[in-house]
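Notes follow the structure.
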Amino acid sequence: ETAYKTAAVSKDERKQVLMNQPKCNPEIIYNFVDENKYQISLEKRNNVFTIITILNSLPIKGYDTFLKAIAEINKVTNDFKFVMIGKGGDKNATDSASNIFVKMSKELGVYDFGEFYPFIPRDQVSNFLNTAHVFVSPTIQEPHGIAVREAMMCGLPIVTTANGGVEDSIHEKIGLITSVKEPKDLSEAILVIKNKYSNYCPEEIRKMAVQQCGQATFLSSMIKFYKF
């Protein structure tokens, strides 16, 4: 209330700030994502349609929705694979409680379609993203969604839940939005992307992310914000 200026990283976060402090009026400054670290490399795309997500095992991140959606896809086709990056998916863990991605994928009968990486070096993120064809954000709530913008900078179309922060980047040429915690809806959206993959232009998807979160935009926004 006493600040000269306030800012939020998405329209949804701005709404949440206003719900708690209606006397301020936050500007929106999207988080910085360095476009020089993420490039479109179509030659790295896998031969089989690949679904990728980056998340952890906190319930709010929606890993269960993602895996249940994968199981729904498997009812329709087995011409796909999926990649889960983040804590929860360590195949070498001896404690199944710390290995929830692998454990649940086996319970759902889709383990053989998946690859699980608890950690990848930051300089390898672009390479991993470029092996995939679609990025999925299954979270319940997302303040901004940096991983989504990284994927967009690699030219990947997006399937996301209506989780707040990611929605600012999604329109019909970028991807699809589904309801939160609805695995079947999520699976159907992924299959739409699979069946209409040629409709999505990698360069246009990247351009959207760079214009919103890239160096020039972020620098300009921050200079303007902190200038009295």
Pairwise side-chain contact, Q39 with R206, heavy-atom cut-off 4.5 Å (strictly under) | yes
Give the table of side-chain donor-acceptor pairs shorter than 3.5 Å for residues 51-60, with sequence neighbours excluded, one pair per line with atom names and distance.
{"residue": "T53", "atom": "OG1", "partner": "V136", "partner atom": "O", "Å": "2.8"}
{"residue": "N56", "atom": "OD1", "partner": "L58", "partner atom": "N", "Å": "3.0"}

Write down the atom of P143, the atom of S10, and the distance for their closest heavy-atom approach.
-> O-OG, 2.6 Å
Least distance between heavy atoms, S41 atom then N130 atom = N-OD1, 2.8 Å
Give, for atom SG of C24 and atom OH of Y4, the distance between the pair rounded to the nearest 0.5 Å.
-> 15.0 Å
For the residue pair L18 and N25, what are the closest heavy atoms and their distance?
-> CD2-CA, 4.3 Å
Determine yes or no for a side-chain-to-main-chain donor-acceptor pair under 3.5 angstrom, with K5 supplying the side chain and F225 the backbone.
-> yes
Between SG of C154 and CZ of R45, what distance do you get to the nearest 0.5 Å?
-> 7.0 Å
Which residue pairs satisfy the side-chain hydrogen bond (donor to acceptor under 3.5 Å, both in side chains) criterion with at least one member in residues 140-149, sequence neighbours excluded?
-> D12-Q141, K61-E142, T139-E142, R149-S169, R149-Q212
List in chain and number order the residues that pass ring pair (Phe, Tyr, Trp, His ring centres under 6.0 Å) with H133, two or more places apart in sequence or in another chain; answer none if no residue qualifies.
-> F49, Y197
Which heavy atom of S187 sits nearest a heavy atom of A69, and at what distance?
-> CB-O, 3.3 Å
Please output the side-chain donor-acceptor pairs of residues 70-85 that fall under 3.5 Å, not counting sequence neighbours, one pair per line with the distance.
{"residue": "E72", "atom": "OE2", "partner": "K75", "partner atom": "NZ", "Å": "3.2"}
{"residue": "T77", "atom": "OG1", "partner": "D79", "partner atom": "N", "Å": "2.9"}
{"residue": "K81", "atom": "NZ", "partner": "E115", "partner atom": "OE2", "Å": "2.5"}

Can you check whether V134 reaches K194 side chain to side chain, under 4.5 Å on heavy atoms?
-> no
With a 4.5 Å heavy-atom cut-off, do K181 and D64 have their side chains touching?
-> yes
Between the CG atom in L67 and the OG atom in S105, the distance rounded to the nearest 0.5 Å is 6.0 Å
Co-members of the apolar cluster containing L42 [side chain, <4.5 Å] = I40
Salt bridge (Lys or Arg N to Asp or Glu O under 4.0 Å) assessment of E188 paired with K184 = CA-CA 6 Å; E188 290 172 354; K184 193 155 192 326; 2.8 Å; yes
Determine the minimum heavy-atom distance between Y200 and P202, stating which atoms define it.
-> O-CD, 3.3 Å
Could you tell me which non-hydrogen atom of P138 sits nearest to which non-hydrogen atom of T161, and how far apart they are?
-> C-OG1, 3.5 Å
Do the charged groups of E203 and K207 touch, with an N to O distance under 4.0 Å?
-> no
Applied to residues 216-228, the side-chain hydrogen bond (donor to acceptor under 3.5 Å, both in side chains) test, sequence neighbours excluded, yields none
Check whether any side-chain heavy atom of Q215 sits under 4.5 Å from a side-chain heavy atom of D34, and report yes or no.
-> yes
Take I205 and L156 through the side-chain contact (heavy atoms from CB on, under 4.5 Å) test and state the conclusion after the steps.
-> CA-CA 7 Å; I205 294 171; L156 273 66; 5.9 Å; no
Does Q124 reach the main-chain N or O of I120 with its side chain, forming a donor-acceptor pair under 3.5 Å?
-> no
P26 backbone acceptor or donor facing R14 side chain under 3.5 Å = yes
